[in-house]
Chemist: 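Take a look at the following structure, please.
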Amino acid sequence: MRRTVFNEDHEAFRETLRAFIEAEVVPVYDEWFAAGQAPREFYYKLGELGVFGINVPEEFGGAGMDSHKFEAVLYEETARAGVQFGGSGVHVLLALPYIKMLATDEQKKRYLPKFVTGEEMWAIAMTEPGTGSDLAGMKTTARLSEDGTHYVLNGAKTFITGGVHADKVIVCARTSPPTAEDRRFGISLFAVDTKSEGYSVGRKLDKLGLRTSDTAELAFVDVKVPVEDLLGEENKGFSYLGHNLASERWGIAFGAYAQAKAAIRFTKQYVQERTVFGKPVAHFQNTKFELAACQAEVDAAEAVADRATEALDAGELTPAEAASAKLFCTEVAHRVIDRCLQLHGGYGYMNEYPIARLYADNRVNRIYGGTSEIMKTIIAKAMGL
């Protein structure tokens, strides 16, 4: 079926990106995988390529686009090559929407030019060791100083993607206690400079998958955050977080679909080359049936992902629709990648094969951005159940 989601500009970007990946990423990706992170200097290359500035206004050095379709191309091309761009995804998909939505003109002038070039990499710190998905239960605090010039930040965060290399982190913290009527009240967002005194990066977490994406624990001990770095209004942070969840869940959904599509590509190539009992594995009926079933599922996931992309760009993607897309695409990817690994046999369990890395990378899709169980809750609520 012919896809209509991409135009000539997107396909030109795809060609450029594919060539960049083949030249700059594939030859060194094993080194990144062994190190557990992409090198910091790689992000400057992404800045030069224009990846970080696509949706940044021209006045701040960006391309001035207002579309997630270029990000969709990036998901497809990195998955196709069996690579990732380190922790840079959170820089664009998660941090940028908050800057564009909440930052004042003065803040944008300070933040965005360095954002575009990769000189300052951004992350976002929401999750805490004892709260998990319950963001309203966060304990990190930011108290306004007596002279009103800065906030004093104390607390800890965990599972922070991009946390090792980050230069700026959007930190969620309590500026007021919750009320009896609304336990979500009192959360605020701050753009925190990682060079601030009292700010520290703890362990770089040893993850099952996403090995090249630096994920860290963060700690704040009396960190002074200038009032000029408060994002949006005080105590309204929870509503801001909810506003951007649809785009975050779209990104996970589209990325999962792209991974499933790539798994079929890797597996088709493998079964055509691998021989068993004197015949290519692709010759056996079970192989054909398994891959055919996987292709049918990926076709359906592609349609869901593309529809969600169009809705997101039109500003019409509802929380329930985003949850539905995430639930469907991540569950499809789980089934497809598992079946594709099975067709690799024992070699599918070896990290030298992209299917093994893909299997590990894919697993988190049903957890972060809201678990599959939370997605079902959101969908059921929208159904009036």
Side-chain angles (χ1 to χ4, degrees), residues 1-29 38 41-97 100 112-119 121 212 247 250-266 268-269 298-299 301-317 325 329 354:
M1 293 179 286
R2 186 174 68 89
R3 299 176 77 186
T4 59
V5 68
F6 299 123
N7 62 28
E8 292 180 358
D9 290 339
H10 303 123
E11 296 305 332
F13 177 64
R14 186 187 303 278
E15 291 182 12
T16 299
L17 191 60
R18 188 173 295 184
F20 174 83
I21 290 171
E22 289 298 323
E24 300 288 345
V25 182
V26 172
V28 294
Y29 195 71
E41 55 269 21
F42 172 67
Y43 299 139
Y44 292 109
K45 294 182 179 180
L46 290 179
E48 292 173 4
L49 189 65
V51 169
F52 296 150
I54 293 171
N55 289 327
V56 173
E58 293 182 21
E59 62 187 294
F60 303 115
M65 301 290 183
D66 189 20
S67 171
H68 288 79
K69 293 180 180 179
F70 292 96
E71 293 170 44
V73 171
L74 191 148
Y75 283 128
E76 289 187 334
E77 289 306 306
T78 51
R80 179 185 181 276
V83 302
Q84 293 176 346
F85 283 175
S88 65
V90 71
H91 181 70
V92 173
L93 183 63
L94 297 188
L96 182 57
K100 291 176 68 175
L112 288 177
K114 293 181 180 180
F115 180 101
V116 170
T117 62
E119 185 178 348
M121 294 299 296
T212 65
S247 62
W250 164 83
I252 298 169
F254 203 99
Y257 141 71
Q259 289 176 325
K261 182 177 181 179
I264 293 177
R265 176 175 180 267
F266 297 141
K268 181 180 176 182
Q269 180 180 2
V298 169
D299 285 345
E302 180 179 87
V304 169
D306 285 355
R307 186 181 69 174
T309 303
E310 295 284 18
L312 182 63
D313 271 11
E316 299 173 353
L317 186 65
C329 291

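Not measured: the values here are computed from a predicted model.
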Chemist: Kindly compute the distance separating CZ (F52) from CD (E119), expressed to the nearest 0.5 Å.
Modeler: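 The CD atom of E119 is 12.5 Å from CZ of F52, to the nearest 0.5 Å.
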Chemist: If you compare all heavy atoms of A262 against all heavy atoms of A79, which two are closest, and at what distance to 0.1 Å?
Modeler: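 Closest pair (atom of A262, atom of A79, distance): CB-O, 3.1 Å.
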Chemist: Going by ring-ring contact (aromatic ring centres under 6.0 Å, His included), name the residues that satisfy it together with F60, two or more places apart in sequence or in a different chain.
Modeler: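 Not a single residue meets the ring-ring contact (aromatic ring centres under 6.0 Å, His included) criterion with F60.
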Chemist: Take I54 and F13 through the test side-chain contact (heavy atoms from CB on, under 4.5 Å) and record every step on the way to the result.
Modeler: CA-CA 11 Å; I54 293 171; F13 177 64; 3.9 Å; yes
Chemist: Could you check whether any side-chain N or O of Y43 sits under 3.5 Å from a backbone N or O of T117, counting only pairs where one atom can act as donor and the other as acceptor?
Modeler: no
Chemist: Would you please name every residue forming a side chain to side chain contact (heavy atoms under 4.5 Å, CB included) with T78, sequence neighbours left out?
Modeler: I21, L74, V83, F85
Chemist: Among residues at least two apart in sequence or on other chains, which ones pass side chain to side chain contact (heavy atoms under 4.5 Å, CB included) with E41?
Modeler: P39, Y44
Chemist: Kindly write out the residues that satisfy side chain to side chain contact (heavy atoms under 4.5 Å, CB included) with I264, not counting sequence neighbours, or none if the list is empty.
Modeler: C294, Q295, V298, V336, C340
Chemist: Nearest 0.5 Å, please: how far is CE in M121 from NZ in K114?
Modeler: 14.5 Å
Chemist: Could I get the full list of salt bridge (charged side-chain N to carboxylate O under 4.0 Å, His left out) partners for E310, not counting sequence neighbours?
Modeler: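 Partners of E310 under the salt bridge (charged side-chain N to carboxylate O under 4.0 Å, His left out) test: K69.
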Chemist: Restricting to non-hydrogen atoms, name the atom on V116 and the atom on G61 that form the minimum distance, rounded to 0.1 Å.
Modeler: CG1-O, 3.5 Å
Chemist: If you look only at pairs with a residue in residues 75-84, which of them pass as a salt bridge (Lys or Arg N to Asp or Glu O under 4.0 Å), with sequence neighbours excluded?
Modeler: R3-E76, R14-E76, R14-E77, R18-E77
Chemist: Rounded at 0.5 Å granularity, tell me how far SG in C329 sits from CD in Q259.
Modeler: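 Interatomic distance, C329 SG to Q259 CD, rounded to 0.5 Å: 11.0 Å.
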Chemist: Could you go step by step and tell me if E11 and V73 meet the side-chain contact (heavy atoms from CB on, under 4.5 Å) rule?
Modeler: CA-CA 8 Å; E11 296 305 332; V73 171; 5.9 Å; no
Chemist: Would you mind reporting whether F42 and V28 have side-chain heavy atoms less than 4.5 Å apart?
Modeler: no
Chemist: Step through the shown structure and confirm whether more than 12 heavy atoms of other residues, nucleotides or ligands are within 6.0 Å of NZ on K268.
Modeler: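 Check fails, neighbour count at 12 or below.
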Chemist: Main chain of E302, side chain of K261: is a donor-acceptor contact present, judged purely on distance under 3.5 Å?
Modeler: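 Judged by distance alone, no pair lies under 3.5 Å.
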Chemist: Checking S67 now: which residues fulfil side chain to side chain donor-acceptor pair (under 3.5 Å) with it, not counting sequence neighbours?
Modeler: D313
Chemist: Tell me, please, which residues at least two apart from K45 pass salt bridge (charged side-chain N to carboxylate O under 4.0 Å, His left out).
Modeler: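 Testing K45 for salt bridge (charged side-chain N to carboxylate O under 4.0 Å, His left out), a comparison that skips the adjacent residues, returns E24.
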Chemist: Using the side-chain contact (heavy atoms from CB on, under 4.5 Å) rule, take F70 and N55 through it: C-alpha gap first, then chi angles, then the decisive distance, then the call.
Modeler: CA-CA 9 Å; F70 292 96; N55 289 327; 5.5 Å; no
Chemist: Please list, chain by chain and in numerical order, all residues satisfying side chain to side chain donor-acceptor pair (under 3.5 Å) with N7, sequence neighbours excluded.
Modeler: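 For N7 the side chain to side chain donor-acceptor pair (under 3.5 Å) partners, ignoring immediate neighbours, are H10.
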Chemist: Please enumerate all residues that pass side chain to side chain contact (heavy atoms under 4.5 Å, CB included) together with A325, with sequence neighbours excluded.
Modeler: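 So A325 forms a side chain to side chain contact (heavy atoms under 4.5 Å, CB included) with A253, V304, A308.
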Chemist: Applying side chain to side chain donor-acceptor pair (under 3.5 Å), name anything that partners T309, two or more places apart in sequence or on another chain.
Modeler: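 Result, side chain to side chain donor-acceptor pair (under 3.5 Å) vs T309: W250.
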Chemist: Does the separation of the ring centres of F115 and H91 fall below 6.0 angstrom?
Modeler: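 Yes.
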Chemist: If you compare all heavy atoms of H68 against all heavy atoms of S247, which two are closest, and at what distance to 0.1 Å?
Modeler: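 Shortest heavy-atom separation between H68 and S247 comes out as NE2-CB, 4.1 Å.
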Chemist: Working note: T4 + D306, criterion side-chain contact (heavy atoms from CB on, under 4.5 Å); need CA distance, chi angles, decisive distance, verdict.
Modeler: CA-CA 9 Å; T4 59; D306 285 355; over 6 Å; no
Chemist: Quick one: closest heavy-atom pair of F266 and P354, and the distance?
Modeler: CE1-CB, 3.8 Å
Chemist: What closest approach, in Å, do Y257 and A301 show between heavy atoms, and which atom pair accounts for it?
Modeler: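 Answer, listing the atom of Y257 first, then A301: CD1-C, 4.1 Å.
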